[in-house]
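When a ligand or atom number is given, it counts from 1 through the structure's own listing order.
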Amino acid sequence: MDIAQERRLVTEVPGPKSRELLERRIVSVPRGVFYTAPVFVEAASGAVLRDVDGNSLIDLGSGLAVLNVGNAHPAVVEAVRDQAGRLTHTCMHVTMNEPYLALAERLNSLVPGEGARRTMLVNSGAEAVENAVKIARYFTKRSAVVVFDHAFHGRTQLAMTMTAKVMPYRYGFPSTAPDIHRLPFAYPYRCPMGGTSPEACAESCAAYAIEEMDKHIGPETIACVVVEPIMGEGGFVVPAPGFLPRIADYCARKNILFVADEVQTGIGRTGRWFGIEHEGIVPDLVVMAKSLAGGLPLGAVTGREDVMESVHPGGLGGTFGGNPVACAAALAVLEIVEREGLLERARRIGDIARSRLQEMAARFPIVGDVRGRGAMVAIELVEDPDTKAPAKEAAGRLIEECYRQGVIVLKAGTHDNVVRLLPPLSIDEGLIREGLDVLEKALATVEERAPVSP
Ligand SMILES: *Cc1c(COP(=O)(O)O)cnc(C)c1O
């Protein structure tokens, strides 16, 4: 379906039809399954969502980082139609199908590093994380897993335990997965070690993390370190330069596997295929999902041949993993990223957004930090630039103000005070500029009502 790439409101947002559906939802779906905007979408294309009331909204969320190639890209739709018409499922453990192989071959050559790789396919990011840890534990015959503050790795038992934030992810759900260890992350705007420059932050956090692994956890017990190249749900925290390379270097020396969780940063989002490429690190295992299949559920673990092959036959898998329709969509996605030059576009869109957000930061004291890489950009809102007290309510109001004006943006951050942009990489420059205009007006409204610091 072709939808004009424009913002056009014909009712208030949410409109009457969305409100009606919301009432049905409230009595049919538990509130634990949260939502950002009380809007029901009927169709979408490119960077525009058409809601059930006929409003056209600018999509700066990509369905939570899933639609890097844009909503309903015609080549993805075509690949899905074609594959679904021939074969929707075999289960790779019964009879096999070629799309799984073609995608595995493609991902093996796409991830950083020179050596041979293998890929297994699953249905989600959490499932991919679970499998990466299973494989790392099997290969190393060690059990400890090291993760970081502000990490998000999913909502299944193990992935949830690896996730940092208690509310809403772990609160009330006892974590039964053993031997998960959390270390500080080099977050330059709020350095946990008190570093006052990015260099000092990287240095002190890396030294502390390495000392912890060396003296308290014991490197001979650590199977893997799992880290997002940029913290996603944790607030688009770009690690201070040098932090991750020092951790990766320690891992290599101690035969600890380095696992890059690229579920949010992968498939071109940061202007490279994978976020970890900015750090010059070659991970042992790469975990993918979200934008991999352009909206179809698919996850992947791609890793070193010796590591991936260590597990006995039957030790890995799942009924739906590597569904041929999802694989066909993923093959189309990877081709679109190349053909449309979306890595380049991610950098261009990101530059436009970052420079506008920096102007806003100069005008509005509530914007404490602007950060990100490529088309993964965010602002962190604070009540006072000196104390950096998180402005959580203001972030909520900003998001609401934006969707009321027809722009979808997302919240993030351990303190719930980060507003992040994840536009489709194919978005028109005019449309991203308009989205930023709306964000700026919303910021002015929110700042007016922000509490005045004493
Ligand atoms: C979203 C996300 C996950 C979990 O993916 P699901 O498909 O929701 O299970 C894992 N890691 C990161 C970095 C994510 O952003």
Side-chain angles (χ1 to χ4, degrees), residues 32-36 61-68 111 120-134 136 145-165 168-170 173 177 180 182 185 187 224-239 244 258-270 273-276 278-279 283 285-302 318 320-323 326 329-330 333 372-378 410-414 418 420-422:
V33 182
F34 85 114
Y35 57 86
T36 298
S62 292
L64 236 166
V66 168
L67 298 156
N68 286 1
V111 297
M120 77 167 290
L121 300 173
V122 293
N123 305 294
S124 69
E127 198 185 348
V129 167
E130 297 261 346
N131 278 283
V133 171
K134 273 174 71 173
V145 174
V146 168
V147 291
F148 292 91
D149 289 347
H150 312 290
F152 180 86
H153 296 296
R155 293 170 177 275
T156 53
Q157 266 294 329
L158 175 62
M160 174 192 81
T161 308
M162 292 165 64
T163 291
K165 194 173 166 184
Y169 305 123
R170 289 189 286 106
F173 308 124
I180 310 292
R182 191 173 309 287
F185 191 73
Y187 182 170
C224 59
V225 165
V226 183
V227 65
E228 297 157 79
I230 297 173
M231 290 299 175
E233 302 304 301
F236 283 21
V237 181
V238 181
L244 287 183
F258 187 98
V259 182
D261 181 344
E262 295 271 5
V263 171
Q264 193 152 163
T265 47
I267 323 298
R269 172 54 54 188
T270 67
W273 276 107
F274 298 100
I276 201 68
H278 295 274
E279 303 284 351
L285 298 174
V286 177
V287 172
M288 293 161 254
K290 291 203 164 99
S291 268
L292 177 59
L296 274 83
L298 188 67
V301 183
T302 300
F320 289 127
N323 170 274
V333 163
R373 264 182 186 142
M376 185 169 184
V377 282
L410 302 171
K411 195 145 68 162
T414 299
V418 175
R420 57 177 154 166
L421 307 183
L422 286 162

- Message: Using side-chain heavy atoms (C-beta onward) and a distance below 4.5 Å, is T265 in contact with F274?
- Response: no
At less than 3.5 Å, what protein N or O atoms come close to the N or O atoms of ligand 1? Include the distances to 0.1 Å.
from: ligand 1; atom 1: 7 (O); to: G125; atom 2: N; distance (Å): 2.7
from: ligand 1; atom 1: 9 (O); to: G125; atom 2: N; distance (Å): 3.4
from: ligand 1; atom 1: 9 (O); to: A126; atom 2: N; distance (Å): 2.8
from: ligand 1; atom 1: 11 (N); to: F152; atom 2: O; distance (Å): 3.3
from: ligand 1; atom 1: 11 (N); to: D261; atom 2: OD1; distance (Å): 3.3
from: ligand 1; atom 1: 11 (N); to: D261; atom 2: OD2; distance (Å): 2.7
from: ligand 1; atom 1: 15 (O); to: Q264; atom 2: NE2; distance (Å): 2.9
from: ligand 1; atom 1: 15 (O); to: K290; atom 2: NZ; distance (Å): 2.6

- Message: Can you confirm whether more than 12 heavy atoms, excluding those of F320, are under 6.0 Å from its CZ atom?
- Response: no
- Query: Between the side chains of T163 and H153, does any donor sit under 3.5 Å from an acceptor?
  - Reply: no
- Could you name each residue pair satisfying salt bridge (Lys or Arg N to Asp or Glu O under 4.0 Å) that touches residues 225-235, not counting sequence neighbours? E233-R420
- side chain to side chain donor-acceptor pair (under 3.5 Å) with S62: which residues, sequence neighbours excluded? none
Expected list for residues 120-131: side-chain donor-acceptor pairs under 3.5 angstrom, two or more places apart:
from: N123; atom 1: ND2; to: E127; atom 2: OE1; distance (Å): 3.1
from: S124; atom 1: OG; to: E127; atom 2: N; distance (Å): 3.1
from: E127; atom 1: OE1; to: N123; atom 2: N; distance (Å): 3.0
from: E130; atom 1: OE2; to: T156; atom 2: OG1; distance (Å): 2.6
from: E130; atom 1: OE2; to: L158; atom 2: N; distance (Å): 3.2
from: E130; atom 1: OE2; to: A159; atom 2: N; distance (Å): 3.4
from: N131; atom 1: ND2; to: E127; atom 2: O; distance (Å): 2.8

